[in-house]
Amino acid sequence: MTTNMVRESAKIYEFPVRNLQRLKEMRDRAAVKPVIYESGAASWYHEEAIREADETRKQ
């Protein structure tokens with residue numbers, strides 16, 4: 001009786017792409033793009049400062 005059962009991982013084969021435009025699109029999608037972190041949550045402080053400055057000028 002075999003006690004050592006080793007299972008191989010599945011192999012993924014890529015089908016050849018003959019359409020050059022589609023090949024370019026696939027390569028562009030796979031390219032690493034820079035990550036841009038955007039935060040709009042901290043803008044309340046800036047907006048409040050502008051509002052306060054406007055109020056002091058009106059007085």
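We use all heavy atoms of the structure for the numbers below, so side chains are in, but hydrogens, waters and symmetry mates are not.
- Counting heavy atoms from C-beta outward, Ile50 and Asp54 have side chains that approach closer than 4.5 Å.
- For residues 25-37, every residue pair satisfying the salt bridge (Lys or Arg N to Asp or Glu O under 4.0 Å) rule, not counting sequence neighbours, is listed here: Lys24-Asp28.
- Applying the side-chain contact (heavy atoms from CB on, under 4.5 Å) rule to Ile12 yields no partners; only residues at least two apart in sequence or on another chain are considered.
- Partners of Arg51 by salt bridge (Lys or Arg N to Asp or Glu O under 4.0 Å), not counting sequence neighbours, listed by chain and number: Glu48, Glu55.
- Residues passing the side-chain contact (heavy atoms from CB on, under 4.5 Å) test with Glu47 are Ser43, sequence neighbours excluded.
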